Number of protein chains: 4
Amino acid sequence: MRFTDKNDLIGVFRIMTNSDCDKRTVILDAALQLFSENGFHGTPMTLLAEKANVGIGTIYRYFKNKEEVISNLYKELKSESVAAMRENISRDMPIREQFINIFENMLKYYIANPQKFLFMEQYSYSPFINSSTKQEVCSAYAESLVSFFEYGKKHQVIKDLSTQIIFATANGQVVSLAKMHIAGEINLNDDMIRKAIETSWDALKR
Amino acid sequence: MRFTDKNDLIGVFRIMTNSDCDKRTVILDAALQLFSENGFHGTPMTLLAEKANVGIGTIYRYFKNKEEVISNLYKELKSESVAAMRENISRDMPIREQFINIFENMLKYYIANPQKFLFMEQYSYSPFINSSTKQEVCSAYAESLVSFFEYGKKHQVIKDLSTQIIFATANGQVVSLAKMHIAGEINLNDDMIRKAIETSWDALKR
Amino acid sequence: MRFTDKNDLIGVFRIMTNSDCDKRTVILDAALQLFSENGFHGTPMTLLAEKANVGIGTIYRYFKNKEEVISNLYKELKSESVAAMRENISRDMPIREQFINIFENMLKYYIANPQKFLFMEQYSYSPFINSSTKQEVCSAYAESLVSFFEYGKKHQVIKDLSTQIIFATANGQVVSLAKMHIAGEINLNDDMIRKAIETSWDALKR
Amino acid sequence: MRFTDKNDLIGVFRIMTNSDCDKRTVILDAALQLFSENGFHGTPMTLLAEKANVGIGTIYRYFKNKEEVISNLYKELKSESVAAMRENISRDMPIREQFINIFENMLKYYIANPQKFLFMEQYSYSPFINSSTKQEVCSAYAESLVSFFEYGKKHQVIKDLSTQIIFATANGQVVSLAKMHIAGEINLNDDMIRKAIETSWDALKR
DNA sequence: AATGAATGAGACTTCATTCAT
DNA sequence: TATGAATGAAGTCTCATTCAT
């Protein structure tokens, strides 16, 4: 199996997958797919190895244990999603526009990456996870929004509510919509997304 | 079952099977506590038996297998939460008041029952679960809100948005707040709860 | 395998092996045999289960882990060997006779129970073992001899040497002889055993 | 090899293969330290490579497999210990003096080289080892003592006992003392060592 | 009806060894 | 010659489930 054939002639193919075939990445890619579909506990390490086309031992060269595979994947995805959220945002834009762009970015990212979304949500509810990782990584995301909301409140464009409530209102809607969309309970298009976020803005604007 | 119907008439029958019902209840109570703390996979059946003060064999007299324990618990809790949501609501009230009462009920129920909330959320994200149960049970909850929102839209009190978006907006906020409160990231009191729900209403009102 | 046949008709046989078929004992018996032949690391738990005619899970009902199997076995054997050493000894006997009986007992016990001897020696040299168990158990053995040697020194029948040196001289010889006998390098009979121990006495007598 | 022959004449040749020899030596040195501390099974080859500051692959250039590392180390140490035993001994000395010197040499060597002693004892009890190596190497040691004891018996200075019993008596004491000293159960100094060996002589002298 | 001892499939992980560089 | 990434067999242990009492 798996390149074991000694008389392998497809060297060219190998070269192609050589550089980006960074084993760590390959493992995390397979992990995302399997974890999002079958859950952490529904994904034995043997299956992960098979999906990633590596030996099990190889996984343990890159990650100390299963939990580290999960938490490393989470960290990478969270960074990626934070980056996605920040696209096309600048401090010069009107606050309303920033708000709408931020949450549109987020919702669109979730919808375009359902596996990543499902994995992150699963992770965030899993009592099985070392919460230090959760904290460590979430802060980047939260802080960035917190300062934005506080800026909006100071400029009297956003209601004078506890920042957490503001966060929960906007973020909660987006998460809820993504979940429903992925579950097939709703079929969001760009127009609906825009309307949904504007609705959220109506909640929070002054 | 236990809490499904407030107008339960078979009380007499229940008294007869009292001890039966006790064991079942005792097991589900222990299950809620353990599952919410350690997760489904962090809770071996032997531990459940021990916590419930019954033999392991006994659990298998009341539930076909572990998954049935989980899904039965979910069903009961979902019914209970739907009942909680409906308290103090009547069709005569103004729609706004109904809306606020419904979501206040819900948020307060979650906060008062953190284990139940955490269990239900964990369940809803677990790929491990037979989704038929999920569907089956959620409908009661969703349907009842759907018809309310549609009523509100027809009377031009609620915005003319897709019902799912309306649902996601209100429900998402509440779930998000409950999660944060339980995680200790916010400390909600009655006043904050009221303000948060009113904010949600601002989003959806016409 | 192993009693799995549902139509098993040899109930009588089962009853026979029922009471003494205390699983714990059966496991330790199998463990002694396998450990003495193949060593701790040459004996996988699966093999132990097979030899003991129990499921692997059963081993873990009686012992927390492999190490506990080993240390429990050691404790039992050490007690047994101490008991063997003490046979036919009484404080009334001349010290010389006591000495000879003690070490004859010991050597004969080792020779009659080569597996037990080999297991105990293997254990005592294994860096893999929790030394607290070693200490805990050995003391009974050592103390009993220590007080005997001190008694002999006080009565000026045994040389005035450090008790440890006395112990090492007598015990070392016996262990060394047992090892050689079991390895087939010498073939000890009662007469040789007697002569060997008398030689040891010559070393220590005053 | 390294220590086998004091009158080694191929020094020139050695200088040529200097680096070769270094790697092999470095590996065996690291092996001694790790094996004596953690045991054979507690020492992965990767750890050995790390400790020796060589790649794992390199170990396999010098030794066919792990067992060969162990047995080669054993052979070298056994040769070394035999050499140590023979120091300051000459056929001209009185037999008693030879005896005392031989076993003093041995005990002092063990005490001065606790790792080597522990390794050799561990090895000698390990059922894991190919016993052919054991035989092959021990003979040098045993034979040399055997002829000495037989010489002593012939000259009627040593008791007319089976040579094996004589060997077991003297060797057993020394091994036992070394073990106790290293374990901290006794603290031997030159005077005690001398007394202990003299005691041994009392056992065996005619 | 209730129990819990017994089971073994299957999970996670280690580590001796290989082989391409 | 030297390296160390890659491998997967094999080990330990857990835990859902069964069944005799």
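First the proteins, then the strands, lettered A, B, ... as listed; each starts at 1. Worth saying up front: this structure is predicted, and the values here are computed from it rather than measured.
When heavy atoms are screened at a 4.0 angstrom cut-off, B:Phe63 is found touching no nucleic acid atom at all.
Straight-line distance from the NZ atom of C:Lys64 to the C1' atom of F:dC13: 13 Å, rounded to whole Å.
In terms of the side-chain contact (heavy atoms from CB on, under 4.5 Å) criterion, residue partners of B:Gln115 (sequence neighbours excluded) are, by chain and number, B:Leu32, B:Gln33, B:Ser36, B:Glu37. The salt bridge (charged side-chain N to carboxylate O under 4.0 Å, His left out) search around A:Glu76 returns A:Arg24, not counting sequence neighbours. The salt bridge (charged side-chain N to carboxylate O under 4.0 Å, His left out) test applied to A:Glu80 returns A:Lys116, not counting sequence neighbours. Partners of D:Ala52 under the side-chain contact (heavy atoms from CB on, under 4.5 Å) rule, at least two apart in sequence or in another chain, are D:Val26, D:Ile27, D:Ala30, D:Val54.
Of the candidates E:dA2, E:dT17, E:dA6, E:dA2 carries the atom nearest the B:Tyr62 side chain, counting heavy atoms from C-beta on. When each of E:dA2, F:dT7, F:dC13 is scored by its nearest atom to the side-chain atoms of B:Arg61, the top-ranked nucleotide is E:dA2. Of the candidate nucleotides E:dT13, F:dA6, E:dA2, F:dA6 has the atom lying nearest to any side-chain atom of A:Lys23.
Between A:Phe119 and A:Phe40, the ring-plane angle classifies as perpendicular under the 30° and 60° cut-offs.
DNA chain E contains the following stems of three or more consecutive Watson-Crick or G-U pairs, with both distances under 3.5 Å: E:2-21 with F:2-21.
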When you look at C:Phe35 and C:Tyr74, which way does the ring pair (Phe, Tyr, Trp, His ring centres under 6.0 Å) test go after all the steps?
-> CA-CA 11 Å; C:Phe35 287 153; C:Tyr74 181 70; over 10 Å; no
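Of the residues in residues 44-53 of chain D, D:Pro44, D:Met45 come within less than 4.0 Å of DNA chain E through at least one heavy atom, sorted by number.
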